[in-house]
Amino acid sequence: MMRYISTRGAAPSLTFGEAMMTGLARDGGLYVPETIPHISPDQIAALVGQSYEDIAFAVMRPYIGDLFTDAEFKGLIAKAYAGFGHMARAPLKQLAPNHFLLELFHGPTLAFKDFAMQLIGQMMQAALAKSGERITIVGATSGDTGSAAIEAFKGLANVDVFILFPHGRVSEVQRRQMTTPDAANIHALAIDGTFDDAQARLKDMFNDFAFRDGVRLAGVNSINWARVLAQVVYYFSAAVSLGAPHRKVSFTVPTGNFGDIFAGYIARQMGLPIEKLVIATNQNDILHRALSTGDYRPDGVVPSISPSMDIQVSSNFERALFDAYGRDGKAIAALMDDLKAGAFHISQGALETLRATFASGRCSESETQDTIRQTLNDSAELLCPHSAVGVYVAQDHLGATPMITLATAHPAKFPDAVEQASGLRPALPPRMADMMTKPERVTRVPNDLAALQALVRERIAR
Ligand SMILES: Cc1ncc(COP(=O)(O)O)c(C=O)c1O
Ligand SMILES: N[C@@H](CCOP(=O)(O)O)C(=O)O
């Protein structure tokens with residue numbers, strides 16, 4: 001049965017169910033599968049014409065061990081995607097002769113996060129129903145993970161959800177998605193700091209074992225392997241609809257915390273014929289700089305019009321480094337120690353390994369705006385700023401292989417930026433219209449571990 005090991009090599013290996021409920025490994029690392037299951041070309045060919053749900057079952061089944069029976073798992077997948085506003089779940093649109101857009105924003109909160117979060121919500125509820133446990137979820141968000149988590153877990157009796165978002169650095173729609181739900185188990189916390197601060201405090205909470213065990217802490221960020229796994233599926237659904245396994249495809253992925261593109265890497269490792277995975281960054285371009293120079297050096301987050309990607313400490317890059325360093329946990333632990341002191345340098349061998357799979361590019365603020373305008377003119381497609389970063393960077397990597405750019409959020413989540421670029425103000429779906437006038441519930445919190453822990457303890461004791 002599949003086991004999960006830590007990228008830092010010093011935590012116990014776990015089953016899928018344990019890894020899903022555990023979050024961060026106890027050595028500070030991230031869980032990854034001990035081996036990556038292979039899907040043969042014949043098995044990929046058999047996915048052609050299947051529903052998104054059937055592809056999801058085929059792709060994820062080898063990873064989940066005996067946590068659920070096949071019938072249970074199929075049922076959870078069906079429930080997870082039933083609320084999506086598009087029959088195809090992740091439809092493909094053609095932008096240019098060899099350039100396609102994978103629309104990942106038809107879920108309940110209008111961003112790609114729903115693909116994983118809706119499924120994790122179902123899986124965690126089913127696992128908790130079996131174990132009878134109660135958990136505390138703490139999440140860090142630059143805007144989209146938080147709303148997706150709140151949507152997936154609101155109102156549940158055995159789960160408290162605390163979401164840390166950077167005060168003043170998310171769009172109004174994103175903020176209201178997190179602050180207007182009135183379920184008592186939801187706690188929106190606006191932290192004085194950046195997303196990187198929020199994610200660092202979250203990892204601090206996991207690394208404080210007394211706190212972690214005391215509140216039964218669980219994570220729904222891409223720290224959690226189950227998040228990454230659910231995102232592998234749409235790489236398969238998109239590639240088979242463009243001719244895989246007989247034709248290769250490439251993907252460009254707007255990137256911040258490296259979770260989404262790492263899911264593409266897993267699809268490639270499983271055998272999906274992916275030529276290149278292109279990392280598209282906004283002006284917070286640490287991943288583009290790291291791949292270009294080998295130097296991974298956070299230099300402070302600069303707010304942008306694609307705020308969900310305003311990240312400089314990209315959590316899942318650790319998972320890619322783990323493979324690039326031949327799965328040497330000690331080497332990764334040493335790099336992460338260097339990072340605490342300011343920066344790390346990627347060895348030449350590891351850099352070459354990464355460059356064999358990944359390419360990268362950067363998109364400035366004005367290039368993002370121009371791309372929104374230009375894509376509307378050329379293809380009648382209104383992009384969100386994150387998707388525009390992807391489309392801009394993809395244009396430098398177009399060739400004979402079909403390119404699929406991930407459209408990660410609906411433009412209506414960022415109406416001001418989109419209107420400024422295009423002159424069009426995208427409307428929220430009618431089901432969300434009242435959100436902009438509902439009262440907000442939010443607590444302003446300092447960037448301070450002890451204060452955050454005290455708040456969590458006090459709220460769950462109520
Ligand atoms: C809309 C949007 N696009 C892109 C990203 C970047 O994805 P990742 O952090 O998985 O690299 C995010 C945040 O995760 C996002 O919310
Ligand atoms: N962009 C994300 C940042 C958190 O990423 P995650 O994939 O680790 O949850 C967000 O919208 O919150």
Side-chain angles (χ1 to χ4, degrees), residues 23-24 30 102-105 107 109-117 120 137-150 152 163-166 169-171 173-175 177-178 191 194-200 202-203 219-232 234 251-266 277-282 284 286-288 301 304-320 358 360 363 368 383-391 393 405-414 417-418:
L24 199 69
L30 300 170
L102 182 61
E103 290 187 351
L104 298 175
F105 50 72
T109 68
L110 310 180
F112 76 96
K113 306 289 180 175
D114 289 321
F115 278 89
M117 208 64 84
I120 289 204
I137 289 173
V138 181
T141 187
S142 53
D144 293 320
T145 291
S147 48
I150 288 170
I163 297 295
L164 285 164
F165 69 88
R169 290 173 181 248
V170 298
S171 79
V173 172
Q174 288 178 312
R175 190 191 72 236
Q177 283 183 303
M178 295 186 276
I191 189 171
T194 65
F195 169 77
D196 286 345
D197 295 319
Q199 181 161 251
L202 172 62
K203 289 192 176 182
V220 292
N221 278 97
S222 53
I223 287 171
N224 190 327
W225 167 256
R227 271 281 312 282
V228 176
L229 175 61
Q231 292 173 202
V232 175
Y234 46 70
F251 288 91
T252 300
V253 187
T255 306
N257 223 12
F258 209 79
D260 208 7
I261 196 160
F262 188 76
Y265 167 82
I266 293 295
L277 288 163
V278 183
I279 298 164
T281 72
N282 67 16
N284 295 290
I286 185 163
L287 290 165
H288 175 52
V301 172
S304 78
I305 57 169
S306 44
S308 307
M309 288 160 36
D310 290 348
I311 297 174
Q312 290 272 343
V313 182
S314 187
S315 180
N316 290 284
F317 195 48
E318 177 169 344
R319 286 184 163 121
F358 298 103
S360 67
C363 181
T368 308
L383 298 172
C384 92
H386 310 76
S387 313
V389 167
V391 167
V393 171
T405 296
L406 273 53
T408 48
H410 192 287
K413 292 192 92 163
F414 311 93
V418 172

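Along the sequence shown, residues are numbered consecutively beginning with 1. Just follow the structure's listing: the first ligand is 1, and inside any ligand the first atom is 1.
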Nearest atoms (heavy-atom pairs only) where [X] meets [Y]:
X: Ile311; Y: Asp196; result: CG2-OD1, 3.5 Å
X: Asn257; Y: Ser315; result: OD1-N, 2.9 Å
X: Pro411; Y: Val418; result: O-CG2, 3.8 Å
X: His386; Y: Ser306; result: NE2-C, 3.2 Å

Have a look at Ile163, Val228, Thr141 and point out the one with the heavy atom closest to atom 12 (O) of ligand 2.
Thr141

Would you tell me which option among Phe258, Phe165, Phe195 has the nearest heavy-atom contact to atom 4 (C) of ligand 2?
Phe195

Residue, atom and distance of the protein heavy atom nearest atom 8 (O) of ligand 2 read Ser222 OG, 2.5 Å

Distance to 0.1 Å, residue and atom name: give those for the protein heavy atom nearest to atom 9 (O) of ligand 2.
Thr145 OG1, 2.6 Å

A side-chain contact here means heavy atoms from C-beta on lying under 4.5 Å apart; do [X] and [Y] qualify?
X: Phe414; Y: Ser308; result: yes
X: Ile266; Y: Trp225; result: yes
X: Arg169; Y: Val301; result: yes

Residue-ligand contact Gln174/ligand 2, heavy atom below 4.0 Å:
no

How long is the gap from CG on Leu24 to CG on Leu30, to the nearest 0.5 Å?
6.0 Å

Against heavy atoms of Asp144, which atoms of ligand 2 measure under 4.0 Å?
10 (C), 11 (O), 12 (O)

Contacting atoms of ligand 2, where contact means under 4.0 angstrom from a heavy atom of Gly143:
10 (C), 11 (O), 12 (O)

Taking only residues at least two apart or on different chains, which pairs with a member in residues 308-318 satisfy salt bridge (Lys or Arg N to Asp or Glu O under 4.0 Å)?
Arg8-Glu318

If I apply the N/O under 3.5 Å rule, does Asn316 come out as touching ligand 2?
no

Can you confirm, on distance only, whether ligand 2 has an N/O atom lying under 3.5 Å from any N/O atom belonging to Ser142?
yes

If you count only heavy atoms, which residues are under 4.0 Å from ligand 1?
Phe112, Lys113, Asp144, Pro254, Thr255, Gly256, Asn257, Phe258, Gly259, Asp260, Ser308, Met309, His386, Thr408, Ala409

For a ring-ring contact (aromatic ring centres under 6.0 Å, His included) check, start with the C-alpha distance between Phe258 and Phe358, then their side-chain angles and the critical distance, and finish with the verdict.
CA-CA 12 Å; Phe258 209 79; Phe358 298 103; 5.4 Å; yes

